[in-house]
Amino acid sequence: MKQRVPRLLPWLDDRQPDVVCLQELKLTDDAFADLLGAELESRGYQWAVSGEVQWNGVALLSRAGLDDPVVGITGAPGFPHPEARAVSAVCDGIRVYSLYVPNGREPDSDHYRYKLEWLAALRDMVADRPGDSLVCGDMNIAPADADVFDPAAYVGHTHVTKPERDALAQLHALGLRDLLRERWPDERVFTYWDYRAGMFHKDLGMRIDLILGSEPVSERVRAAWVDRHARKGKGPSDHAPVIVDLDAAPDGDIGPLVPPPSSRQAKTSGVKLPQSR
DNA sequence: ATGACCTGCCAAGCAGGA
């Protein structure tokens, strides 16, 4: 996060998101507040954060309300100790999760098993909380072969294995939909590009940062895209923000014939802004 | 070319990322 402040603040001012999910803060809660508290407050954001000193760390920013914040995933395993990989809260009626799913490192490693157990706990937590939800962040899973630049190169690696994709399917089985892929069903859409070897400029990346929405929220999507511009220039994260623009929730009195004059922008990013990497 | 980066720890390389 420390290295990304000069990128994050102008990005907030430019994109004007109502809700933002950050991952890989690499900061304690106190350091986050010291670094960003005043800047966020002046922009009208409330926040919930779960940090630790060197690794991991997630935050949720909102200027659309921030109710019932929950740090962590109920029943999630540690490695071996609990890690700062999840924070959620209800923003304007939607429970938004900012997640940093464990990497997995190598298939069949202890860290890989940890990843799968962590995802199972996430599924259970989402299942136990009825109501609208947005599950957002660095999922560290490429949902399909189309989500990696060279599927053959990833055979035998994490992020593409069947158990990982099955864990994602368990979230879809709860009714969550992949908002970016639904919007761009046949496009080349990546959210992460390695820093090395000019991978970004060659568009050799992966789509591992996801926004999954429950059915009613999915119906409100008016735009969904990857903010590739944020991956350019000086000092970017190696991930780009994923943005979803939602219409205001229907109030039940006015029919759907006339769209609201201004849409509400809910935004979530799988931004590893922090390293925000 | 089995390459190529980046950050935080803290002061040199290592852990970790994906």
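Throughout, protein chains are lettered first and strands after them, A, B, ... in sequence-line order, and every chain is numbered starting at 1.
For A:Asp128, there are no side chain to side chain donor-acceptor pair (under 3.5 Å) partners two or more places apart in sequence or in a different chain. Take A:Phe200 and apply the ring pair (Phe, Tyr, Trp, His ring centres under 6.0 Å) test, not counting sequence neighbours, and it matches A:Trp193. By the side chain to side chain donor-acceptor pair (under 3.5 Å) test, A:Arg43 pairs with A:Asp13, A:Glu39, sequence neighbours left out. Remark: A:Asn103 engages no residue in a side chain to side chain donor-acceptor pair (under 3.5 Å) (not counting sequence neighbours).
B:dT7 atom C1' lies 9 Å from atom CD of A:Glu24, rounded to whole Å. Straight-line distance from the CG atom of A:Asp238 to the C1' atom of B:dC6: 8 Å, rounded to whole Å. One atom, CG of A:Asp209, and another, C1' of B:dG17, lie 13 Å apart when rounded to the nearest Å. In this entry the distance linking CE of A:Met199 with C1' of B:dG3 reads 12 Å, nearest Å. Rounded to whole Å, atom P of B:dG8 lies 14 Å from atom CD of A:Glu52. At whole-Å resolution of the value, OH in A:Tyr100 and P in B:dT7 are 14 Å apart. Taking atom NZ of A:Lys115 as the reference point, atom C1' of B:dG16 lies 14 Å away to the nearest angstrom. Rounded to an integer number of Å, the gap from A:Asp194 CG to B:dG17 C1' is 9 Å.
Side chains of A:Asp178 and A:His172: a donor-acceptor N/O pair is absent below 3.5 angstrom, by distance only.
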Tabulate atom names and distances for all N/O pairs under 3.5 angstrom spanning the protein and nucleotides 9-14 of chain B.
| residue | atom | partner | partner atom | Å |
| --- | --- | --- | --- | --- |
| B:dC9 | OP1 | A:Val53 | O | 3.1 |
| B:dC9 | OP2 | A:Lys2 | NZ | 3.0 |

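Closest-nucleotide positions on DNA chain B for A:Lys202 and A:Asn103 were compared, and the one nearer the 5' end corresponds to A:Lys202. Position along DNA chain B of the nearest nucleotide to A:Gly235 versus A:Ile208 favours A:Gly235 as the more 5'-ward residue.
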Table please: side-chain donor-acceptor pairs of residues 68-83 of chain A below 3.5 Å, with sequence neighbours left out.
| residue | atom | partner | partner atom | Å |
| --- | --- | --- | --- | --- |
| A:Asp68 | OD2 | A:Arg95 | NH2 | 2.8 |
| A:Glu83 | OE1 | A:Arg85 | NE | 2.8 |
| A:Glu83 | OE1 | A:Arg85 | NH2 | 3.3 |
| A:Glu83 | OE1 | A:Tyr114 | OH | 2.4 |

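Between B:dC14 and B:dA4, the two P atoms lie 15 Å apart (nearest whole Å). Between B:dT7 and B:dA12, the distance separating the two C1' atoms is 15 Å to the nearest Å. Taking atom P on both B:dG16 and B:dC10, the two are 15 Å apart, rounded to the nearest angstrom. Distance check on atom P: B:dG3 versus B:dG8 gives 25 Å, rounded to whole Å.
Side-chain N/O atoms of A:Arg196 include none lying less than 4.0 angstrom from OP1 or OP2 on B:dC6.
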Derivation of the side-chain contact (heavy atoms from CB on, under 4.5 Å) call for A:Leu179 and A:Leu212: CA-CA 6 Å; A:Leu179 303 187; A:Leu212 309 179; over 6 Å; no
